[in-house]
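One-based numbering, in listed order, for ligands and for the atoms of each. Because the structure is a prediction, the values reported are computed rather than measured. For the numbers below, each heavy atom of this structure counts, side chains included, while hydrogens, waters and symmetry mates do not.
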Amino acid sequence: MTSASITVRVPAKVNLQLAVGPLAADGFHPLSTVFQAVSLYDEVTATPLPPGAGVRISVRGEDVSEVPADGRNLAARAAQALAERLGVTADVALQISKGIPVAGGMAGGSADAAAALVACAAVWRPDAGRDLLVEVAAGLGSDVPFPLIGGTAIGTGRGDRLMPVLASGRFRWIFATAHQGLSTPTVFARFDALAHERGTAVPQPGVDERVIAALRSGDAAALGAALSNDLQQAAISLRPELQSVLDAGLSAGALGAIVSGSGPTCAFLVPDDEVAMAVTLTLSPTGLCRTLRSAQGPVAGARILAR
Ligand code: C5P
């Protein structure tokens, strides 16, 4: 056990493909997804506390009023779960610094949990392997394992069973955040309701080989054309203005536009600086976006920052 603070930087994710199957008896949907880690980051600092102090959470950054700063925070639950798994007591202060949009469909809360696992493991048991962290992560939420590995990966099961994908080069993104977040269970419930209204069976999800081929060859135009998200229609039916945001970005020259995960953040794949600027300048005056951020992917997963 170390007595010094450990800071971990962790990336956001975007789903390049999100195929959603029929609601299963466990209340979850089988997924087939392709994650990419992108260069929007949160930082989590773990500082050991005296025995009996428990887990303390503090959060800073934009929109932190929406983030619980207590035991409900997924990072606090991550620290507790890891402590139980390692047989230590969870006495630690976790300071979370948000750079990932809150409730934006970019797995910010899951990223914080992943970062808390890496930071707390470094404090309590520096020799704990990544496999152990991935196992604890999967018990916390479907999106928690991915930020541990980062890069680009296929996720199956609930999205938590990961297989890295080789991607050539870097892809450039603009992310448009919305004024208000969307709840993941609400979007999945709308997906179910829309499927029910259609009256057709939801097929089992599968990986889109066009996405994998575009990643391997580093072909941004092909990737833009292949982006897909089965939750997009549900997110748009809850927030119709998202369709205008997507259309505006495409009209400005984006290679592809997609709602990120369960939304409401919209992701635009762009070929160069010029189009990145055009997308930003087109979306900015619409008043539909809270922030417009430029990022690139893939980037590495959760990493300890040098002290
Ligand atoms: O696993 P996680 O806590 O991120 O999931 C949040 C909610 O999203 C679940 O309670 C469920 O309603 C929905 N979900 C789902 N199918 C998945 C992942 C999440 O229905 N594969």
Side-chain angles (χ1 to χ4, degrees), residues 10-37 42 44 66-68 70-82 96 98 100-117 133-150 153-163 181-196 201-208 228-235 237-239 258-265 301-302:
V10 65
K13 61 87 184 165
V14 59
N15 301 77
L16 308 176
Q17 184 207 354
L18 179 52
V20 180
L23 178 64
D26 63 3
F28 285 79
H29 299 73
L31 303 181
S32 182
T33 189
V34 182
F35 292 108
Q36 182 161 92
D42 281 0
V44 176
E66 293 175 44
V67 182
D70 56 27
R72 289 170 300 161
N73 190 295
L74 202 51
R77 283 161 45 202
Q80 290 288 1
L82 181 67
I96 301 170
K98 299 290 306 173
I100 303 175
V102 173
M106 299 194 74
S110 299
D112 297 342
L117 289 176
L133 300 188
V134 170
E135 188 193 312
V136 176
L140 292 162
S142 316
D143 282 345
V144 184
F146 175 68
L148 289 173
I149 69 161
I154 293 171
T156 53
R158 293 178 176 183
D160 57 331
R161 272 187 252 137
L162 299 172
M163 197 171 68
L182 265 176
S183 126
T184 302
T186 305
V187 177
F188 273 104
R190 182 57 67 97
F191 171 86
D192 295 335
L194 291 174
H196 185 75
V202 176
Q204 289 299 326
V207 174
D208 184 345
S228 72
N229 179 358
D230 286 355
L231 291 181
Q232 183 158 306
Q233 199 194 349
S237 90
L238 290 162
R239 293 282 169 77
I258 198 170
V259 169
S260 175
S262 56
T265 300

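- D160 and R158 are not joined by a salt bridge, as no carboxylate oxygen comes within less than 4.0 angstrom of a charged side-chain nitrogen.
- For atom 7 (C) of ligand 1, the nearest non-hydrogen atom of the protein is P185 CG, 3.9 Å.
- An N or O contact shorter than 3.5 Å is missing between T184 and ligand 1 by distance.
- Remark: Q17 CD to F35 CZ distance equals 11.5 Å, nearest 0.5 Å.
- Look at G27 and you'll find a heavy atom under 4.0 Å from some atom of ligand 1.
- Counting the atoms of ligand 1 from 1 in the order shown, those under 4.0 Å from a heavy atom of G141 are 1 (O).
- Of the candidates G155, S142, P30, S142 brings a heavy atom nearest to atom 18 (C) of ligand 1.
- Counting atoms of ligand 1 from 1 in the listed order, those under 4.0 Å from a heavy atom of R158 are 21 (N).
- For the residues F28, F188, F191, the heavy atom positioned nearest atom 10 (O) of ligand 1 is part of F28.
- A side chain to side chain contact (heavy atoms under 4.5 Å, CB included) with L18 holds for exactly one of L231, V34, V259; it is L231.
- Of the N and O atoms on the side chains of T33 and N15, at least one donor lies less than 3.5 Å from an acceptor on the other residue.
- No donor-acceptor distance shorter than 3.5 angstrom exists from the side chain of T184 to the backbone of S262, with no hydrogens or angles considered.
- No donor-acceptor contact under 3.5 angstrom links the side chains of T265 and S260, judged on distance only.
- Every atom of ligand 1 with a heavy atom of H29 under 4.0 Å away is listed here by number and element: 15 (C), 16 (N), 17 (C), 20 (O), 21 (N).
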